[in-house]
Amino acid sequence: MQSKKELIETAQNCQKQMVDELTAMLRIPAMGPENGGDGEGRRADHLENLLKSWNLPVERIEIEDERLGTRPNLLSRIKGKEERTIWLVAHMDTVSPGNLNSWDSDPFEPVVKDGKVYGRGSEDNGQSVISSIFALKILSELEEAPEQSYGVVLVADEEAGSLYGIRPLIEQGCFRKEDVFFVPDFGEATGSSIEIMEKSIIWLKASVKGKQVHASVPNRGTNALVEGSKFILALRDALYAHFNLSNSAYNYEISTFEPTKRENEEGSINIIPEVENVFFDIRLLPEYSIEECVSFAEEFAAEYSKKNNINAAVENVRVDPAGPPSTTESREFSVLKDSIREVINVDAKAIGIGGQTCANWFRKAGYSAYAWQTVEGLAHQTNEYSKIENIVNDSAVFVLTIYELCFRAA
């Protein structure tokens, strides 16, 4: 039987190899078509070959995507005496690098400097891919036989809604009803928060239709850009005022209603635009229903239009309801807390977040899922980096957690 100290030291001794494998993986872009890429195929090939070189079993599940053919997902499962499986779940895809001129180095040619690995996807979610697969490698090399099964899932398409990743894997019955999931795709620099619940997501399209005319005679038309701006601000204020409850269990305690994207159908500077479209990203606390929020916005648009003699409307374009919170009374939650304390001497607490991770899809399907890692919060930013110390410590936490749950009887 391994001691906790021995297991932590084993993870620490893998530091150089972890850095080498992270930099090798980051050289392979893995952006979906929404981010200007051709998917995760080449990165999945690389990771599949790496896992096989470690003598780990790999199942590759391709999900059809008419834009690219298929999108790859990798499952590596070590069987124990029991079929119940403890899973680590990380995603292979990344967002685009954005403006290359804003980077200090090539985002796809990683730089190792000052204890950090710089590159697009280094923290989101490359750090978790590496910490997870090394935890699997370390555990698989133990001479002891596990009581429970354990494994790693590396998924596609997390950055664009998981339509070709974890969602179809759940729908296809890839997991057992008693399985439990750890999802290292949320964290803080201190490692002090374990995410057990998420807010619901609503994307609304707010539109105002005016009358297009030449910009030199605005009195002959209705400027949709001007009227749309007024309507958007009024709708935002109304939503915040009406859905104003707070919940201290979340890292951001209130529901949010933010305009995030503008579309103008006319592109000439000398045209008064006829149509103005703005999209809202809404993160709704569980105290409110999605239907209540959408209905309120629709009714507000109708009343605003009548009062101001314009044509304003809202349209619901995406809804992702939040699943129920994962319990904090489980052995899995308790063991994760103990492992975090053992490795980084932090007493982590349960919280909710407004972002979306793969954990929410598990919760909606009736599973328990816990999201935790240590990160600097640089996801989707230029000069993104992962601290090497975080990679090693996260892997050590996962090793301790799975060892306690799968190798030692409850």
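- Ionic pairing of E109 and R27 is present here: one or more N-O contacts between side-chain nitrogen and carboxylate oxygen are shorter than 4.0 angstrom.
- The aromatic rings of Y118 and Y385 sit tilted, their planes meeting at an angle between 30° and 60°.
- Between I282 and F243, every side-chain heavy-atom pair lies at or beyond the 4.5 Å cut-off.
- A donor-acceptor pair is defined here as one N or O able to donate and one able to accept, closer than 3.5 Å; such a pair exists between the side chain of T23 and the backbone of D20.
- Side-chain atoms of S131 come within 3.5 Å of backbone N or O of S128 as a donor-acceptor pair.
- Taking 4.5 Å as the limit, every side-chain heavy atom of L26 sits out of range of all side-chain heavy atoms of R120.
- Considering OG1 of T10 and CG of L139, their distance stands at 9.5 Å, rounded to 0.5 Å.
- Without hydrogens or angle criteria, S229 side chain to L225 main chain gives a donor-acceptor distance under 3.5 Å.
- When atom types are taken as modelled, the side chain of Y403 and the backbone of Q2 share a donor-acceptor pair closer than 3.5 angstrom.
- Between atom CD1 of residue I232 and atom CG of residue D237 there is a gap of 12.0 Å, rounded to the nearest 0.5 Å.
- Neither side chain, R60 nor T70, offers a donor N or O lying under 3.5 Å from an acceptor on the other.
- At least one side-chain heavy atom of D124 sits less than 4.5 Å from a side-chain heavy atom of D185.
- Residue W87 forms a side chain to side chain contact (heavy atoms under 4.5 Å, CB included) with just one option from D179, V180, I402, and that option is D179.
- In this structure a side-chain-to-backbone donor-acceptor pair under 3.5 Å is present from D93 to E158.
- In this structure, W203 places its CH2 atom where only 12 or fewer heavy-atom neighbours from other residues, nucleotides or ligands lie under 6.0 Å away.
- Interatomic distance, E342 CD to L7 CG, rounded to the nearest 0.5 Å: 10.0 Å.
- Using a cutoff of 4.0 Å between basic side-chain nitrogens and carboxylate oxygens, K211 and E227 are not scored as salt-bridged.
- In terms of heavy atoms, S193 sits closest to A348 at N-CB, 4.3 Å.
- A donor-acceptor contact shorter than 3.5 Å links the side chain of S76 to the backbone of P57.
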Exercise. Could you please spell out the steps behind the side-chain hydrogen bond (donor to acceptor under 3.5 Å, both in side chains) verdict for N390 and Q127?
Key: CA-CA 8 Å; N390 290 343; Q127 172 179 317; 4.6 Å; no
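- Put simply, the side chain of S326 gets close to the backbone of A369: a donor and an acceptor are under 3.5 Å apart.
- Using a 4.5 Å heavy-atom threshold, the side chains of Y288 and S255 count as touching.
- The number of heavy atoms from other shown groups lying within 6.0 Å of CG (N99) is above 12.
- Side-chain N/O atoms of H380 and E159 include a donor and acceptor closer than 3.5 Å.
- Rounded to the nearest 0.5 Å, atoms OG (S339) and CD1 (I344) are 10.5 Å apart.
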Practice problem: In sequence, state the C-alpha distance, the side-chain angles, and the governing distance for M92 and V155, and then conclude on side chain to side chain contact (heavy atoms under 4.5 Å, CB included). | Solution: CA-CA 6 Å; M92 295 181 287; V155 298; 5.9 Å; no
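- Inter-residue side-chain proximity for P33 and L68 is flagged as met; some heavy-atom pair is nearer than 4.5 Å.
- Summarising the geometry of D106 relative to F108, their closest heavy-atom pair is OD1-N, 2.9 Å, with the distance given to 0.1 Å.
- At most 12 non-hydrogen atoms from other residues, nucleotides or ligands lie less than 6.0 angstrom from OH of Y252.
- Considering all non-hydrogen atoms of both residues, E287 and L245 come closest at CB-CD1, 3.9 Å.
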Quiz prompt | Trace of the side-chain hydrogen bond (donor to acceptor under 3.5 Å, both in side chains) decision for N277 with S207 | solution = CA-CA 5 Å; N277 298 317; S207 302; 2.7 Å; yes
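- In K337, the NZ atom is crowded: over 12 heavy atoms of neighbouring residues, nucleotides or ligands sit closer than 6.0 Å.
- Without hydrogens or angle criteria, N35 side chain to G37 main chain gives no donor-acceptor distance under 3.5 Å.
- Each of Y370, F182, F181 was compared with F333 under the ring pair (Phe, Tyr, Trp, His ring centres under 6.0 Å) criterion, and only Y370 meets it.
- Using modelled atom types, no side-chain atom of N360 and backbone atom of T357 make a donor-acceptor pair closer than 3.5 Å.
- For CD of E389, the number of neighbouring non-hydrogen atoms (other residues, nucleotides, ligands) closer than 6.0 Å is 12 at most.
- Nearest heavy atoms, Y240 versus F257: OH-N, 3.1 Å.
- Other residues, nucleotides and ligands contribute only 12 or fewer heavy atoms inside 6.0 Å of the CG atom of N309.
- Between E198 and R363 a salt bridge is recorded (basic side-chain N to carboxylate O distance below 4.0 Å).
- The two atoms that bring N251 and G354 nearest to each other are OD1-N, 4.1 Å, heavy atoms only.
- Using a 4.5 Å heavy-atom threshold, the side chains of T374 and V397 count as separate.
- To the nearest 0.5 angstrom, L336 atom CG is 11.0 Å from I86 atom CD1.
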Practice problem: Apply side chain to side chain contact (heavy atoms under 4.5 Å, CB included) to I202 and N316, showing your working. | Solution: CA-CA 7 Å; I202 307 170; N316 179 19; 3.9 Å; yes
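- Put simply, the side chain of V112 reaches to within 4.5 Å of the side chain of I388, judged on heavy atoms.
- At least one donor-acceptor pair closer than 3.5 Å links the side chain of E123 to the backbone N or O of G377.
- Checking D157 against H91 by side-chain atom types alone, no donor-acceptor pair falls below 3.5 Å.
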Quiz prompt | Pair E147-R408, side chain to side chain contact (heavy atoms under 4.5 Å, CB included): steps then yes or no | solution = CA-CA 7 Å; E147 295 292 324; R408 300 181 65 179; over 6 Å; no
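- The shortest distance between side-chain heavy atoms of H46 and E21 falls below 4.5 Å.
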Quiz item: After noting the C-alpha distance and the side-chain angles of R283 and D281, does the key distance pass the salt bridge (charged side-chain N to carboxylate O under 4.0 Å, His left out) rule?
Solution: CA-CA 7 Å; R283 307 296 168 118; D281 184 309; 2.6 Å; yes
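- Using cut-offs of 30° and 60° on the angle between ring planes, the pair Y150 and F407 is tilted.
- Checked for salt-bridge contact, R67 and D65 meet the test: a charged N lies under 4.0 Å from a carboxylate O.
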Practice problem: For the pair D338 and E404, evaluate side chain to side chain contact (heavy atoms under 4.5 Å, CB included) and give the outcome as yes or no after the intermediate values. | Solution: CA-CA 10 Å; D338 290 345; E404 181 69 23; over 6 Å; no
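- Between W372 and F398, the angle of the ring planes goes over 60°, which puts this pair in the perpendicular group of the 30/60° scheme.
- In E329, the CD atom is not crowded: 12 or fewer heavy atoms of neighbouring residues, nucleotides or ligands sit closer than 6.0 Å.
- Between Q148 atom CD and L405 atom CG the span is 7.0 Å, to the nearest 0.5 Å.
- The heavy-atom pair separating C174 from L75 by the smallest distance is CB-CD2, 4.4 Å.
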